[in-house]
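What follows is a set of notes on a single structure, which appears directly below.
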Amino acid sequence: MHLAFDVDPATFDRILARLRDNGVPFGNHPAHPDNGRIDHPLCPRGLFFVDAARNLYEVMSPA
């Protein structure tokens, strides 16, 4: 399953901080959700991460 969220910059920063604080790998591409990058191909900042059930989450921010 793939779930995508378009969030404001402050919310993106909080999500990114929580992922980092909890050691959750993230990345800028669905095929590489663990490369540690947030330069999303469709928006200024975005990331992907997976949960234990292998659901793919996408979080995008306009700035």
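Remember, predicted model here, so these are calculated numbers, not experimental data. Count residues from 1 along the sequence.
Between Glu58 and His40 there is a side-chain heavy-atom pair separated by less than 4.5 Å.
Among residues two or more places apart in sequence or in another chain, the salt bridge (charged side-chain N to carboxylate O under 4.0 Å, His left out) test is passed with Asp6 by none. Not a single salt bridge (charged side-chain N to carboxylate O under 4.0 Å, His left out) links Asp8 to another residue, sequence neighbours left out.
Applying the under-4.5 Å side-chain rule to Ile, Leu, Val, Met, Phe, Trp and Tyr, the cluster around Ile15 extends to Met1, Leu3, Phe5, Val7, Phe12, Leu16, Leu19, Val24, Phe26, Ile38, Leu47, Phe49, Tyr57, Val59.
The side chain to side chain donor-acceptor pair (under 3.5 Å) with Arg45 is formed by just one residue from the set Asp39, Asn28, Asp13; it is Asp13.
The backbone N or O of Arg18 sits less than 3.5 Å from a side-chain atom of Asn22, completing a donor-acceptor pair.
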